[in-house]
Chemist: 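The structure under discussion is supplied below as C-alpha cells; questions concerning it will follow.
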Amino acid sequence: MVSVGRLPLDEQLAAFTTALTRNEVLTEVIERTAALQLPDWYVTAGCLFQTVWNVATGRAPTSGIKDYDIFYFDAGDLSWEAEDRVIKAAEETFAGLAAEVEIRNEARVHLWYEKKFGVACAPYSSTEAAIDSFAATTCCLGVRREPDGRWRVYAPHGLSDVFNLVLRPNPVLAPREVYETKAARWQEQWPELTVLDWPK
C-alpha cells in the first residue's frame, strides 16, 4: 500500500482535510473563527499537523495538542488595544470549548518578536508570510473554510513531510533552539517522528 505522503498532491490534500475533520475540536475552532470575520485568517500550526500525526499513528485526534492557533492580518491598526479587542471577542466566541485558543494579529509581530526570541523580525506582508517563518517546514500550514464550504489550505512546503512524520527545520527566522526545543517535546509525544538536524 502506498503511503499518503507518496500520493499525488490532490489526493494528499483530500486525505489532509479528511484527517482534520476527525478532530471535532479543530472543526469547531474553524467554524467559530469564521464567525469572527477576521481579515486573512487561518487556523495554523500544531493543531493541524499534530491532528494528522494522531490519525496516522492511531491515536485520538486531539491527543497531545496543546492549543489551537489562529492568525489574522490587520495592518490598519497596529496597537495592542486593537489586537486585545479581538482577543476578548474571541474569548467569548470560544467560551465553553474544551481547548486553549490563541489568536494573534500577524501584522504586529515585528513589534514584539525580537524581545521574545532574541532576533529581529521584519514586518510581515500577509498571514501567509507569517506562516512561512515557522521553525519547521512541517509547521507551515494554514487552513480555513470559505463561506461556500470549500477548504482553503496554505501549505508552502507541501504535505508529504506531514504524512511521513518528518520534522524538517526551516531556518529563515526562528533560532535553532526554538526548533530543537519543539522537536524534543514533539518527539516525546510522537516517538514515530523523524527529526532532521538543524543545518550547520
Chemist: Transitively linked via ILVMFWY side-chain contacts under 4.5 Å: Tyr124 with Val43?
Modeler: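 No.
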Chemist: Should we count CD of Glu24 as having more than 12 external heavy atoms under 6.0 Å?
Modeler: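 No, the 6.0 Å shell around CD holds no more than 12 heavy atoms from other groups.
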Chemist: Under a 3.5 Å cutoff, is there a donor and acceptor pairing between the side chains of Thr127 and Asp40?
Modeler: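 Note: Thr127 and Asp40 side chains meet the donor-acceptor criterion.
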Chemist: Return yes if some donor-acceptor pair links the side-chain N/O of Asn54 with the main-chain N/O of Ser63 below 3.5 Å, else return no.
Modeler: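 Yes, the answer is positive, given that a donor and an acceptor are paired below the 3.5 Å cut-off.
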Chemist: For Trp186 and Phe49, what are the C-alpha separation, side-chain angles and deciding distance, and is it a ring-ring contact (aromatic ring centres under 6.0 Å, His included)?
Modeler: CA-CA 11 Å; Trp186 294 336; Phe49 59 85; 5.1 Å; yes
Chemist: Step through the shown structure and confirm whether more than 12 heavy atoms of other residues, nucleotides or ligands are within 6.0 Å of CZ on Arg22.
Modeler: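 No, CZ of Arg22 has 12 or fewer neighbouring heavy atoms, counting only those of other groups under 6.0 Å.
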Chemist: Give the minimum heavy-atom separation between Trp198 and Ala174, together with the two atoms involved.
Modeler: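 So the two residues come closest at CH2-O, 3.3 Å.
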Chemist: Residues in side-chain hydrogen bond (donor to acceptor under 3.5 Å, both in side chains) with Asp74, at least two apart?
Modeler: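 None.
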Chemist: Under 4.5 Å between any side-chain heavy atoms of Cys47 and Asn23, yes or no?
Modeler: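 Not in contact.
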Chemist: Can you see whether Thr33 engages Tyr68 through a side-chain donor-acceptor pair at a distance of less than 3.5 angstrom?
Modeler: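 Tyr68 and Thr33 do not have a side-chain donor-acceptor pair below 3.5 Å.
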Chemist: Starting from the C-alpha separation in whole Å, work towards a yes-or-no answer on side chain to side chain donor-acceptor pair (under 3.5 Å) for Tyr154 and Arg144.
Modeler: CA-CA 9 Å; Tyr154 182 67; Arg144 67 175 180 254; over 6 Å; no
Chemist: Go through it in stages, so that I can follow the logic: the residues are Ile131 and Glu128, the test is side-chain contact (heavy atoms from CB on, under 4.5 Å), and I'd like the CA-CA distance, side-chain angles, deciding distance and then a yes or no.
Modeler: CA-CA 5 Å; Ile131 291 171; Glu128 289 86 353; 5.5 Å; no
Chemist: Identify the heavy atoms of Tyr113 and Pro175 that sit nearest to each other, and give their distance.
Modeler: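 Shortest heavy-atom separation between Tyr113 and Pro175 comes out as OH-CD, 4.3 Å.
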Chemist: Between Leu20 and Leu97, is there shared hydrophobic-cluster membership here, with clusters defined by ILVMFWY side-chain heavy atoms closer than 4.5 Å?
Modeler: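 Yes; tracing contacts between hydrophobic side chains, which count when under 4.5 Å, links both residues.
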Chemist: The criterion is side-chain hydrogen bond (donor to acceptor under 3.5 Å, both in side chains); which residues satisfy it with Arg59, sequence neighbours excluded?
Modeler: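 So Arg59 forms a side-chain hydrogen bond (donor to acceptor under 3.5 Å, both in side chains) with Thr57, Glu192.
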Chemist: Indicate the atoms forming the closest heavy-atom contact of Ser3 with Asn164, along with that distance.
Modeler: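 Heavy-atom minimum between the residues: OG-OD1, 3.8 Å.
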